[in-house]
There are 2 protein chains.
Amino acid sequence: MTPDRDPARLESSAPIFAALGDATRLKLVARLCQSGPQSIARLTRGTPLTRQGITKHLRVLADAGLVRGRRLGRESRWELEPQQLIVAHRYLDLISKRWDAALRRLQELVEEGSA
Amino acid sequence: MTPDRDPARLESSAPIFAALGDATRLKLVARLCQSGPQSIARLTRGTPLTRQGITKHLRVLADAGLVRGRRLGRESRWELEPQQLIVAHRYLDLISKRWDAALRRLQELVEEGSA
DNA sequence: TTAATATGCAACCATTGGGTTGCGTATGGT
DNA sequence: ACCATACGCAACCCAATGGTTGCATATTAA
């Protein structure tokens, strides 16, 4: 375990952030979050994009492990996959904490220097 | 405030995620985090990239507000900017919580349906 | 059976992105 | 004064991305 000590593990968060780094995909995530699993056609409604555009974005999210889709009859239902979100979340948590620590160290140095 | 209620605010997180969505930039953030403010030349050492490459990545991070640089003598010192990290962190927090809520609702529906 | 719905696949296009090289310039050290 | 260091700017290149259209296919409904 101890994923917060493994730099390689940390770098693997990049694809997750990359997948979230697009306004359209963020909206998709939000919609899947708020309204639960949906078909592509339904996800397309309300966006200025083509169904194919949405499909591509869903694939990107799926490749990052943020989302999963399976065929149900003639439609394919897509839903959120929480684990990867948690990975990203933990990464930011770690960075924030490290940054806090660095800030404190810096602060101490400054105070020492001016004392 | 209540940034967690403002969809427009939420979408504005996309550039932050996009900036973090690259392995090289994640490493830069980690290095700035661990070893504090550094010059471009120093940040370049240890990477297979050119100084210009690093400079470009720093600009991307800066445009996302994650990092800030200022000229000190003949070198330019770059350091982390924590607030944007917190924004991203809060976004993931929100999504996670919404997702939890959706999961619970779904769970209830399933249980009702099979009861 | 026929029509409408929901999707997948492939080609294509324009733009962005990651990365380099070359060159010019300011700063620091000797 | 001179040289090395640290940097910025601009041009350039190739690959990836965001987005479209056209067409083929499976499924549901009438």
Side-chain angles (χ1 to χ4, degrees), chain A residues 10-32 35-80 84 88, chain B residues 11-32 35-79 84 88:
Chain A
L10 288 188
E11 290 166 17
S12 73
S13 308
I16 305 177
F17 287 128
L20 293 176
D22 176 279
T24 301
R25 288 194 291 266
L26 267 190
K27 286 182 202 164
L28 283 176
V29 168
R31 283 183 71 174
L32 287 177
S35 313
Q38 299 171 49
S39 72
I40 298 179
R42 183 171 165 196
L43 284 170
T44 302
R45 277 166 217 145
T47 76
L49 296 197
T50 312
R51 170 181 59 88
Q52 284 306 323
I54 300 294
T55 298
K56 280 197 175 183
H57 282 298
L58 285 174
R59 284 201 75 83
V60 173
L61 287 170
D63 286 346
L66 287 165
V67 117
R68 184 176 42 126
R70 63 177 192 139
R71 200 76 190 242
L72 273 199
R74 70 175 158 185
E75 66 184 20
S76 81
R77 216 159 194 58
W78 292 77
E79 61 185 339
L80 275 190
Q84 294 305 90
Chain B
E11 290 166 17
S12 73
S13 309
I16 305 178
F17 288 126
L20 293 176
D22 177 277
T24 302
R25 287 194 291 268
L26 267 191
K27 286 181 201 166
L28 283 177
V29 168
R31 284 184 70 174
L32 287 177
S35 312
Q38 299 172 49
S39 72
I40 297 179
R42 183 170 163 195
L43 284 171
T44 302
R45 279 166 216 147
T47 78
L49 297 197
T50 312
R51 171 181 58 90
Q52 284 306 320
I54 299 295
T55 299
K56 279 198 176 180
H57 282 299
L58 286 173
R59 285 200 75 83
V60 173
L61 288 170
D63 286 346
L66 288 165
V67 116
R68 184 174 41 124
R70 63 175 191 140
R71 199 78 191 241
L72 272 199
R74 70 177 158 184
E75 66 183 22
S76 82
R77 216 157 195 57
W78 291 77
E79 60 186 339
Q84 295 304 92

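The model shown is predicted, which means the values in this text are computed figures rather than measured ones. Numbers restart at 1 for each chain; the letters A, B, ... are given by sequence-line order, proteins then strands. For the numbers below, each heavy atom of this structure counts, side chains included, while hydrogens, waters and symmetry mates do not.
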d(L32(B) CG, R68(B) CZ) to nearest 0.5 Å is 12.0 Å
Rounded to the nearest 0.5 angstrom, the CG-NE2 distance for L26(A) and H57(A) is 11.0 Å
A41(B) has its side chain closest, among dT7(C), dG19(D), dA6(D), to dA6(D)
Between the protein and nucleotides 9-11 of chain D, which nitrogen or oxygen pairs come in under 3.5 angstrom?
{"residue": "dC9(D)", "atom": "N4", "partner": "Q52(B)", "partner atom": "OE1", "Å": "3.2"}
{"residue": "dC9(D)", "atom": "N4", "partner": "Q52(B)", "partner atom": "NE2", "Å": "2.9"}

Looking only at side-chain N and O atoms, does H57(B) come under 4.0 Å of OP1 or OP2 in dG17(C)?
-> no
Can you tell me the distance, in whole Å, between the CZ atom of R25(B) and the P atom of dT16(C)?
-> 16 Å
Pairwise side-chain contact, T44(A) with L49(A), heavy-atom cut-off 4.5 Å (strictly under) | no
Please state how far atom CG in L49(B) lies from atom P in dC7(D), giving the value in whole angstrom units.
-> 15 Å
When rounded to whole Å, the CD to C1' distance for the pair Q38(A) and dA6(C) reads 15 Å
Which of the following nucleotides, dG19(C), dG8(D), dG8(C), is nearest to the side chain of T24(B)?
-> dG19(C)
dA6(C) OP1/OP2 closer than 4.0 Å to side-chain N/O of R71(A) | no
Rounded distance (Å) that lies between atom P of dG19(C) and atom CG of L28(B) = 10 Å
Could you give the CG-to-C1' distance, from D22(B) to dA15(D), as a whole number of Å?
-> 14 Å
Could you tell me the separation between the CG atom of L43(B) and the P atom of dG8(D), rounded to a whole number of Å?
-> 12 Å
If you look at every strand shown and take non-hydrogen atoms under 4.0 Å, does R77(B) touch a base, only sugar-phosphate, or nothing?
-> nothing
Provide, to the nearest angstrom, the distance between the CD atom belonging to E75(B) and the C1' atom belonging to dT25(C).
-> 17 Å
Take V60(A) and I40(B), find for each the nucleotide of DNA chain D with the closest heavy atom, and name the residue whose nucleotide sits nearer the 5' end.
-> I40(B)
If you round to the nearest 0.5 Å, how far is CH2 of W78(A) from CG of L43(A)?
-> 9.5 Å
Flag side-chain contact, heavy atom, 4.5 Å: V29(A) against L20(A) = yes
In Å and rounded to the nearest 0.5 Å, what is the OG1 to CD distance from T55(B) to Q52(B)?
-> 4.5 Å
Closest to the T55(A) side chain: dG8(D), dG8(C), dG19(C)?
-> dG8(C)
Using a cut-off of 4.0 Å on non-hydrogen atoms, how would the nucleic acid contact of R45(B) be classed: base, sugar-phosphate, or nothing?
-> sugar-phosphate
Do the charged groups of R77(B) and E79(B) touch, with an N to O distance under 4.0 Å?
-> no
Using a cut-off of less than 4.0 Å, is there contact between a side-chain N or O of T50(A) and OP1 or OP2 of dT20(D)?
-> yes
Contact class for G73(B) vs. all strands (heavy atom < 4.0 Å): base, sugar-phosphate, or nothing?
-> sugar-phosphate
Consider the side chain of R74(B), meaning its heavy atoms from C-beta on, and name the nucleotide among dC7(D), dT5(D), dT7(C) that approaches it most closely.
-> dT5(D)
Do T47(A) and I54(A) come close enough that some side-chain heavy atom pair is under 4.5 Å?
-> yes
Nearest-Å distance, CG (L58(B)) to P (dA6(D))?
-> 15 Å
Ignoring backbone atoms, test whether S39(A) places a side-chain nitrogen or oxygen under 4.0 Å from the OP1 or OP2 oxygen of dA6(C).
-> no
